[in-house]
Amino acid sequence: MDKHYDAKAAEAKWYPFWEQNGCFHDEPGTGTPYSVVIPPPNVTGILHMGHALNQTIQDILVRWRRMRGYNTLWLPGTDHAGIATQNVVEKALKKEGKRRQDLGREAFLARVWEWKKQYGGTIVHQQRMLGNSTDWRRERFTFDEGCSRAVAKVFTQLYDEGLIYKGNYIVNWCPRCGTALANDEVEHEPNHGHFWYIRYPVVGSAKGVAGEPYADYVMVATTRPETLPGDTAVAVNPKDERYAHLVGKTVILPLTGREIPVIADDYVDREFGTGIVKITPAHDPNDFLVGKRHNLAEINIMTDDAHMNELAGAKYCGMDRWECRKAIVADLEAGGFLDHIEDIDNQVGHCYRCHETVESRLSKQWFVRMKPLAEPAIAAVKSGEVRFVPERWSKIYFNWMENIQDWCISRQLWWGHRIPAYYLGDDVFVAETAEEALAKAKAKTGNAALTLADLKQDPDVLDTWFSSWLWPFSTLGWPEKTADLDYYYPTTDLVTAQDIIFFWVARMMMAGLHFMKKPPFKNIVIHGIVRAADGSKMSKSKGNSLDPLELIDQYSADALRFSIALITSLECDTKVNKEKFEIGRNFTTKIWNAAKFLEMQEEALKGAGGAAAGSLAGQSRFDGRTVFGQSLSADDRHILYAADLACRKVNEILEAYRIQDGALAVYDFFWTQICDGYVEYVKDAPNKAVSVAILRDVFWKALRLLHPYMPFVTEEVAHQLGYLKDGETIMRQPFPVGYTDAEKAAWGVTAENYEFVNAKRAAITALRALRAEYKVPPSAWVKATIARGTDGSAGAPAPLPEEEVKVLAKAMRAESVDFVPAGSDLAMPSKMTPFGTVYLSLEGLVDKAAEAKRIAGELAKLAGFIKSAEAKLANENFVAHAPEAVVAEARRKLAENRDKVAQLEKLAKLFA
RNA sequence: GGGCUAUUAGCUCAGUUGGUUAGAGCGCUUCCUUGACAUGGAAGAGGUCAGUGGUUCGAAUCCACUAUAGCCCACCA
């Protein structure tokens, strides 16, 4: 093996190997399916940390299941992202000095497809850098032919079922994008604005005078004076006694002279502003509802691009909304209608795409009736058929589902699925294709001479989510009955961040249940968001974002994946900084170096010939049969136990989606158990051939445990060490599940032995600590004594074999280790361990005064503990209620600490 | 306004149904370049688990309130 691991070379070698050899691909049919659809990133997107987190989690789950023998599908793809993509292309056009209108719809769409062909593969390429084991042979696009057919079918069916309707509605409108926005697509931001107090004179009264506020006019407070020409009423709360006398009267709308009624409606908050609201049904969602209740006229005074139209009055017509605001305020002031202006902090909606201030606007839009769809989706989670992980997200899901509003699905864009509605005069024909629509039109009108040219298709396209909500089944071939659909639907897990539970997850639930009669997935795994080190959201504009590709370049894909898995909990958001990724990088190095060690040991054994390899001659691979009959040392049996434990733990942990715990478990197993523990042992192992063979076996287990987290380095090392032949892949090797009980019994792999070796190591640590405390130079060889049970004493452990004692002594850098019976009381510095009391003979110099001081401190600490432990054990309730093991442990601890005190007191005399 | 979550070592976070003297990584201190690894090894310091009260033999863990922070939804003309 090379001295250093070359991550880039491994990545460049293995990913194409996997992809070209179909390692990511299974055919439907045999085995138990495990399927996941990727949340499709925007085709315009570039890989960010959110993707890295989301896809690392999925890949870990998928690779793990695949190795466990599941028939696995992880389906990749991209989203056509209506507005985002159209914006990108429009920006490019702008550089040429053109608008999309200059090209016309057909040419513009051709241009977008051209763009997609050229740049749309960016993110898909970047995903490969992560090591995703997505089945690229099944890659889909929300706007490809199959998805488009699914969309048309769904629209038609919902329309026929009466679940899609076209309605006059007040929508959030982005004047720059020229499209309606869903509520969720509007971002509310704090705004320092003004409250304009305006007098509306009451008809039939004298002109208002200051100081007589309610006699002659009503005072309206508004933040949007430019909408005044669209007012069709003034409203007060019906319970508001101050204004009760005004209800039913008429006031004059300033600047227009129009007379509008004063109405009473619960919507009005008595406490807010003046308690009197101007009602502008065409320009405010609440006013719209009030208008509906009171049959008010809806006067739309603005154009699509937020300029005033002729209904705003000749003077304002053509003005931009902000310009008009100024003009109207000036005119109100000039006319004596403006009472005063107040500063106010409120929230103003902005377009999530272009950040333009959103306008509420009256328009005809298509809607999906959501209530009937939501009910089964609620039931599926309530019944437990579909599960949220972590479970608490179901509350948020219910909260939204139970208060669901109809979904505005039409968008005034060109890039997207065109609404399959065709107009012939006042008639609308909805059908999957234009031909079918024509047939319907012919049937309805009885006019056989109609042609496609007579029908006009709706110019709008559908919201992007209208294709993504079908993703789990449209990508498997629906509406065709395909083998994939039959086998892989419903998918198993859906992994996504919390921010698209409503946009996407909830809607997929509805679509899946409605069209497939089965929920689209069984488990919804929600993870947090990756945040910058200071806790803020990462964003390019803030310059606080980390680029996963840069991290891969610097630290390797495995390092990125492992680090992100290790630091991310499903429960909450993750703050990251660059240094975090050193963990993964260092771990990769550690794996490589440990592999080098194993290779060297094996080379050495081979070099020494069959004699050194003992009865394992020619057999470098550990297995129960060859080793059985040889005596395995305690340390050998310890690592086998640790390996068994790690395998069981990792499987159990991944079963529960605890990605982070799994990373920790396998990290600990590899680093602490294998490297710090067993590798150190192997260096001096009495029966090296056996121990190296065991190392080979547990190393192979560790590699496979690690593979879902670190695919590249594990594949590379597996080949370097000869676990796999050319053409094979670790991806398809069985994931370790631990040894059988029979194996463990045959090898003497027991919990007792595991604890025994842990104890032995604690003794080593204790002696090292003593050396450090007494400043014994590392080069010095010391005398160690351990007081522990001897053969004769009841229940005491048997003495150690001579060879083990040698190893122990070497680890302690002790020229000798003497054993004395437990309870021996030596006047030497000591530490208690489960193995026994470890004494260090201080034949050198020690600063007596400092030592006495230290001991005094220690004694004080122990006294505190002993006091509380005594109290605890004196408590009858504790003894009666606590589990036996807990009580026993408490007793043991107390005794141990009492011994410690006795020891220290003795020592204290020594130093006095 | 409605809902959700968090608060544990200097930092980032674990702590599974209440039960050892509360853990990890990074950072810090001291020591170590003896052949797997200095992207490393050994040892160590550092926490009254946000606060108050309650339930319990026993609370970081359960309950209530308070404080602070964050997120989501709905939003005031």
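Below, chain A is the first sequence line, B the second, and so on; all start at residue 1.
Not less than 6.0 angstrom separates the ring centroid of Phe337(A) from the ring centroid of Tyr200(A). When ring centroids are compared, Tyr667(A) and Tyr709(A) stay outside the 6.0 Å threshold.
Salt bridge annotation for Arg224(A)-Glu226(A): present, with a cationic side-chain nitrogen under 4.0 angstrom from a carboxylate oxygen. Glu870(A) and Arg898(A) are joined by a salt bridge, as a carboxylate oxygen and a charged side-chain nitrogen come within less than 4.0 angstrom of each other. Under 4.0 Å is where a charged nitrogen must lie from a carboxylate oxygen, and between Asp287(A) and Lys278(A) no such pair does.
Rounding to whole angstrom units, CZ of residue Arg768(A) and C1' of rC32(B) are separated by 12 Å. The interatomic distance linking Tyr681(A) (OH) with rA36(B) (C1') rounds to 19 Å, in whole Å. Glu359(A) has its CD atom 13 Å from the P atom of rA77(B), to the nearest Å. Rounded to whole Å, the distance from OH on Tyr555(A) to C1' on rC26(B) is 12 Å. Nucleotide rG19(B) holds its C1' atom 14 Å from the CD atom of Glu884(A), rounded to whole Å. Rounding to whole angstrom units, CG of residue Leu598(A) and C1' of rG35(B) are separated by 16 Å. Here the C1' atom of nucleotide rU20(B) and the CD atom of Glu755(A) are 13 Å apart, to the nearest Å. Atom-to-atom, CD of Gln720(A) to P of rA36(B) comes out at 18 Å; the value is rounded to the nearest Å.
Nucleotide rC71(B) forms a pair with rG3(B), judged by Watson-Crick or G-U wobble geometry with both contacts under 3.5 Å. With a cut-off of 3.5 Å on both pairing distances, the Watson-Crick or G-U wobble partner of rG40(B) is rC32(B). When Watson-Crick and G-U wobble pairs are counted only if both distances are under 3.5 Å, rA9(B) pairs with no nucleotide at all. Remark: rA45(B) base-pairs with no nucleotide; criterion is Watson-Crick or G-U wobble with both hydrogen-bond distances under 3.5 Å. Within the shown strands, rA64(B) is the pairing partner of rU52(B) under the Watson-Crick or G-U definition, both distances less than 3.5 Å. Nucleotide rG19(B) has rC57(B) as its partner under the Watson-Crick or G-U criteria, with both atom distances under 3.5 Å.
Phosphate contact (OP1/OP2 of rA43(B), side-chain N/O of Thr765(A), threshold under 4.0 Å): present. Side-chain nitrogen and oxygen atoms of Asn593(A) include none within less than 4.0 Å of the OP1 or OP2 phosphate oxygen of rU39(B). Phosphate contact (OP1/OP2 of rG58(B), side-chain N/O of Asn875(A), threshold under 4.0 Å): absent. Residue Lys683(A) places none of its side-chain N or O atoms closer than 4.0 Å to OP1 or OP2 of rG35(B). The side chain of Lys872(A) contributes no N or O atom lying less than 4.0 Å from OP1 or OP2 of rG19(B).
When heavy atoms are screened at a 4.0 angstrom cut-off, Val679(A) is found touching base atoms of the nucleic acid. Contacts of Glu599(A) with the nucleic acid, taken as non-hydrogen atoms under 4.0 Å apart, are absent. Heavy atoms of Ser868(A) sit nowhere under 4.0 angstrom from any nucleic acid atom. Using a 4.0 Å heavy-atom criterion, one finds that Lys580(A) contacts the sugar-phosphate atoms exclusively. Among the atoms of the strands shown, only primed sugar atoms or phosphate atoms (P, OP1, OP2) are found under 4.0 Å from some heavy atom of Lys596(A). Using a 4.0 Å heavy-atom criterion, one finds that Asp676(A) contacts the sugar-phosphate atoms exclusively. Within 4.0 Å (heavy atoms only), Arg585(A) reaches at least one base atom of the nucleic acid. Contact annotation for Ala890(A): no contact, since no heavy-atom pair falls under 4.0 Å across all strands. No contact: Arg771(A) has no heavy atom under 4.0 Å from any strand. Contacts of Asn577(A) with the nucleic acid, taken as non-hydrogen atoms under 4.0 Å apart, are absent. Using a 4.0 Å heavy-atom criterion, one finds that Glu889(A) contacts the bases of the nucleic acid, with or without backbone contacts as well. Residue contacts shown for Tyr267(A) include a base, since a base heavy atom lies under 4.0 Å away.
Comparing the C1' positions of rG47(B) and rU7(B) gives a spacing of 14 Å, expressed to the nearest Å. Here, rA22(B) and rU48(B) have their P atoms 12 Å apart, quoted to the whole Å.
For a distance-only test at 3.5 Å, the side chain of Lys893(A) fails to qualify as a donor-acceptor partner of the base of rU21(B).
For the residue pair Asn593(A) and Lys3(A), the shortest heavy atom distance occurs at OD1-O, 4.4 Å.
You'll find that the side chain of Ile583(A) is closest to rG25(B), out of rG19(B), rC71(B), rG25(B). Ranking rG41(B), rA77(B), rU34(B) by closeness to the Lys278(A) side chain, first place goes to rA77(B). Between rU16(B), rC57(B), rU21(B), one nucleotide has an atom nearer to the side chain of Asn877(A) than all others, and that is rC57(B). Of the candidates rC73(B), rA24(B), rC75(B), rC73(B) carries the atom nearest the Phe502(A) side chain, counting heavy atoms from C-beta on. Nearest to the side-chain atoms of Ala769(A) among the listed nucleotides rG19(B), rG25(B), rG44(B) stands rG44(B). Considering only side-chain atoms of Trp671(A), the nucleotide from rG19(B), rU12(B), rG41(B) that sits closest is rG41(B).
Heavy atoms of other residues, nucleotides or ligands lying less than 6.0 angstrom from NZ of Lys596(A) number more than 12. Within 6.0 Å of the NE2 atom in His4(A), the count of heavy atoms belonging to other residues, nucleotides or ligands does not exceed 12.
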